[in-house]
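Here's the structure, in structure tokens; my notes come after.
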Number of protein chains: 2
Amino acid sequence: MSKPPSRPLTLRDVSEASGVSEMTVSRVLRNRGDVSDTTRQKVLTAAKRMGYVPNKIAGALASQRVNLVAVIIPSMSNMVFPEVMGGISRVLETSPLQPVVGVTDYIPEKEEKVLYEMLSWRPSGVIIAGLEHSDASRAMLQASGIPVVEIMDTDGTPIDAAVGISHRRAGREMGRAILRAGYRKIGFLGTRLGADHRARKRFEGFTEALAKSGIEISDTEFYTEGSALGKGREMTQNILKRRPDLDCLYYSNDIVGAGGLLWMIEQGYDIPEKIGLAGFNDVELLQGLPRKLATMDSCRAEIGRRAAEIILARVETPESASAGKVELSPKINFGDTLRLS
Amino acid sequence: MSKPPSRPLTLRDVSEASGVSEMTVSRVLRNRGDVSDTTRQKVLTAAKRMGYVPNKIAGALASQRVNLVAVIIPSMSNMVFPEVMGGISRVLETSPLQPVVGVTDYIPEKEEKVLYEMLSWRPSGVIIAGLEHSDASRAMLQASGIPVVEIMDTDGTPIDAAVGISHRRAGREMGRAILRAGYRKIGFLGTRLGADHRARKRFEGFTEALAKSGIEISDTEFYTEGSALGKGREMTQNILKRRPDLDCLYYSNDIVGAGGLLWMIEQGYDIPEKIGLAGFNDVELLQGLPRKLATMDSCRAEIGRRAAEIILARVETPESASAGKVELSPKINFGDTLRLS
DNA sequence: ATGAAAGCGCTAACAG
DNA sequence: CTGTTAGCGCTTTCAT
């Protein structure tokens with residue numbers, strides 16, 4: 001192993017070492033245009049021997065092409081993200097495009113900053129979570145002139161294209177299913193609404209569905225941070241202490257729901273007969289629980305896949321029209337914690 | 001909202017719009033050098049009004065500086081990653097450096113490819129999981145001439161610097177603790193060893209500790225993929241059906257361990273009296289379980305933090321020496337599933 | 001405090 | 001099939 005060079009290798013170094021013009025070296029390394037096998041071998045050998053790694057910065061500037069897709073999401077630790085990312089990656093792997101991730105922590109100012117940073121790299125497209133953005137963010141996206149796909153949510157007006165589900169409808173459908181099953185004293189438990197627009201929309205749809213049957217949420221419990229499973233446990237305990245008469249709990253996500261479920265099993269609650277439980281997301285975790293929590297699939301992998309496909313299509317055919325809004329239809333999974341109607 | 005321009009804005013556009021030279025515009029936008037307040041305001045106003053976003057590609061090429069740190073990890077969905085990332089982000093947020101993530105899926109060829117891709121962007125540093133890399137990968141890292149920190153593991157020889165724990169020692173210590181508690185018929189359950197070097201090293205350390213007391217692993221159960229919690233459940237069921245006499249189960253990670261624990265609680269096993277359980281990682285999830293699984297902290301957040309600090313120091317003071325190896329010392333947490341010795 | 005010139009390392013476009 | 005020329009959009013360096 002030779003000691004690190006003070007200056008990174010350039011195309012010119014490979015050119016000189018192989019006795020081939022820079023241009024031809026570039027052609028070989030990018031598999032573009034016709035190059036004779038003899039020259040190709042010479043170049044490849046020299047490049048590999050020297051350990052040359054092309055400089056994409058220079059390449060991107062010269063070609064005005066950056067094969068990066070900015071993916072901007074609120075959180076990493078969420079079970080939702082890895083699956084969306086999986087869907088995106090699988091599609092982009094078949095193309096020269098590469099995803100690059102930015103995280104906003106549900107903070108609009110941070111979203112703006114992350115977006116600015118990413119756009120300054122001139123990516124080929126943007127996939128961004130949610131339809132709610134600051135005016136500045138929207139302006140940047142518009143001005144960028146690149147394909148933008150807003151994901152997860154379809155309740156609103158997309159800047160360009162959107163792929164997701166209607167969280168309002170998801171909440172409404174769960175509300176109706178719960179009523180149909182005969183539950184009447186219903187509690188809601190979840191993240192403090194506000195920054196998380198999708199959780200808020202589910203809550204709104206849910207209360208709306210209840211209201212249509214003349215029913216109001218009996219009680220609510222919110223949390224901000226901490227161990228989600230542990231929070232579910234704690235919140236469930238709190239709400240049931242306050243309102244032992246509740247006969248159904250709707251959680252803003254499966255993880256808090258799972259925490260609640262585990263605690264209630266320990267306590268010997270009669271689920272789903274005396275009390276029903278439901279979450280949201282259909283995370284893998286539920287497969288390992290003693291009883292399967294009722295939930296609703298959030299179509300994460302498909303959202304990622306479709307979003308990436310839209311970007312890909314637009315990059316390959318820039319003149320093609322925007323895909324508009326793609327609304328997927330999640331189904332309720334009753335599991336073992338909700339009576340069937 | 002005006003319609004997207006066909007060409008992204010350049011410094012020159014801002015220069016013309018504000019009547020200030022490109023150079024001075026550049027100075028204002030980067031807060032470098034002295035610029036009069038009048039000019040500064042003129043430029044800032046124009047840039048904001050036009051929605052100008054600087055082109056970092058060009059900037060990076062001209063300045064030969066890219067404020068990116070490549071972070072290369074095997075997996076995203078793992079509970080381990082977000083915490084490492086959190087540690088890294090918190091440190092880098094105080095600097096101009098930004099992390100960019102690449103995922104290898106535990107596949108050496110993919111690691112090589114991802115590394116090549118990332119290095120071609122000429123990052124300021126690399127944080128990469130593990131000490132095992134292909135020769136080509138090692139060569140690229142050496143040749144890059146940038147600071148490299150290998151994280152998670154310290155059992156081996158780092159290319160440059162390393163921050164982590166000794167997984168061999170972690171396995172050994174857990175083995176000793178289990179023996180001290182009086183367990184003798186011990187089973188191991190985990191991911192198929194091989195690609196996951198750290199899991200393998202824990203297993204080796206573990207068997208080594210048992211061997212010193214003349215004890216052999218009674219039985220093992222491996223899995224490749226699927227729901228981890230569900231797999232833990234399934235594997236535990238399998239191993240106990242085959243060997244009902246086992247009195248302790250060591251899992252390669254907390255998630256499979258948690259799955260096993262949930263199943264055993266349902267089945268009414270006498271934990272930790274008749275049978276003990278232990279995992280590895282100390283993930284947040286455990287806080288919400290009916291009983292707390294015995295485990296060992298893998299120091300993920302601190303590893304991320306320390307790694308980022310090393311990169312930062314080297315970037316700010318290039319002449320400073322490599323940090324060498326930093327071995328953290330995780331402690332066993334006995335939880336409720338292991339008798340105390 | 002501001003500007004002009006040169007060039008970062010590569011690729012597009014054209015010539016041969 | 002191979003080479004030459006002219007930038008990509010910015011920053012460095014040196015003048016003014």
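Note on naming: letters A, B, ... go to the chains in the order of the sequence lines (proteins, then strands), and numbering restarts at 1 for each one.
- Across the helix from dA1(C)-dT16(D) to dG16(C)-dC1(D), the helix axis at one end is tilted relative to the axis at the other end by 30° (nearest 10 degrees, each axis from five pairs).
- The stretch residues 31-44 of chain A comes close to DNA chain D through D34(A), V35(A), S36(A), T39(A), each having a heavy atom under 4.0 Å from the strand.
- The pair E22(A)-R27(A) fails the salt-bridge criterion, with no side-chain N (NZ, NE, NH1 or NH2) lying under 4.0 Å from an Asp/Glu carboxylate O.
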Donor-acceptor contacts, no H, no angles, side chain residues 126-134 of chain B, under 3.5 Å, sequence neighbours left out:
| from | atom 1 | to | atom 2 | distance (Å) |
| --- | --- | --- | --- | --- |
| E132(B) | OE2 | K201(B) | NZ | 2.8 |
| H133(B) | ND1 | E111(B) | OE1 | 3.4 |
| H133(B) | ND1 | E111(B) | OE2 | 2.7 |
| H133(B) | NE2 | G130(B) | O | 2.9 |
| H133(B) | NE2 | E150(B) | OE2 | 2.9 |
| S134(B) | OG | E112(B) | OE1 | 2.7 |
| S134(B) | OG | S137(B) | N | 3.1 |
| S134(B) | OG | S137(B) | OG | 3.0 |

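- Smallest separation of non-hydrogen atoms from R314(A) and A321(A): CD-O, 3.8 Å.
- Applying the side chain to side chain contact (heavy atoms under 4.5 Å, CB included) test to M79(B) and every residue at least two apart in sequence or in another chain returns I255(B), V283(B), L285(B).
- Between E302(A) and R305(A) a salt bridge is recorded (basic side-chain N to carboxylate O distance below 4.0 Å).
- Rounded to whole Å, the distance from CG on L29(B) to C1' on dT11(D) is 13 Å.
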With a 3.5 Å cut-off and sequence neighbours excluded, list the donor-acceptor pairs that the side chains of residues 45-64 of chain B form with protein atoms.
| from | atom 1 | to | atom 2 | distance (Å) |
| --- | --- | --- | --- | --- |
| T45(B) | OG1 | Q41(B) | O | 2.5 |
| N55(B) | OD1 | I57(B) | N | 2.8 |
| N55(B) | OD1 | A58(B) | N | 3.2 |
| K56(B) | NZ | E117(A) | OE1 | 2.4 |
| S63(B) | OG | G59(B) | O | 2.8 |
| S63(B) | OG | R65(B) | N | 3.4 |

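- Side-chain contact check for P147(B) versus I311(B): some heavy-atom pair is nearer than 4.5 Å.
- A close approach under 4.0 Å does occur between a side-chain nitrogen or oxygen of T24(B) and OP1 or OP2 of dG3(C).
- Of the residues listed (V148(B), I146(B), D160(B)), the one engaging L141(B) in a side-chain contact (heavy atoms from CB on, under 4.5 Å) is V148(B), and it is the only one.
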Measure all distances between protein nitrogen or oxygen atoms and nitrogen or oxygen atoms of nucleotides 8-10 of chain C, and list the pairs falling under 3.5 Å.
| from | atom 1 | to | atom 2 | distance (Å) |
| --- | --- | --- | --- | --- |
| dC8(C) | O3' | Q64(B) | NE2 | 3.0 |
| dC8(C) | O2 | L61(B) | O | 3.4 |
| dC8(C) | O2 | A62(B) | N | 3.2 |
| dG9(C) | OP1 | Q64(B) | NE2 | 3.2 |
| dG9(C) | N2 | A58(A) | O | 3.2 |
| dC10(C) | OP1 | Y52(A) | OH | 2.3 |
| dC10(C) | OP1 | N55(A) | N | 3.3 |
| dC10(C) | OP2 | L11(A) | N | 2.4 |

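- Taking the side chain as every heavy atom from C-beta outward, I72(B) and T104(B) approach each other to under 4.5 Å.
- Within the 4.5 Å cutoff, the side chain of L328(A) has heavy atoms near those of the I303(A) side chain.
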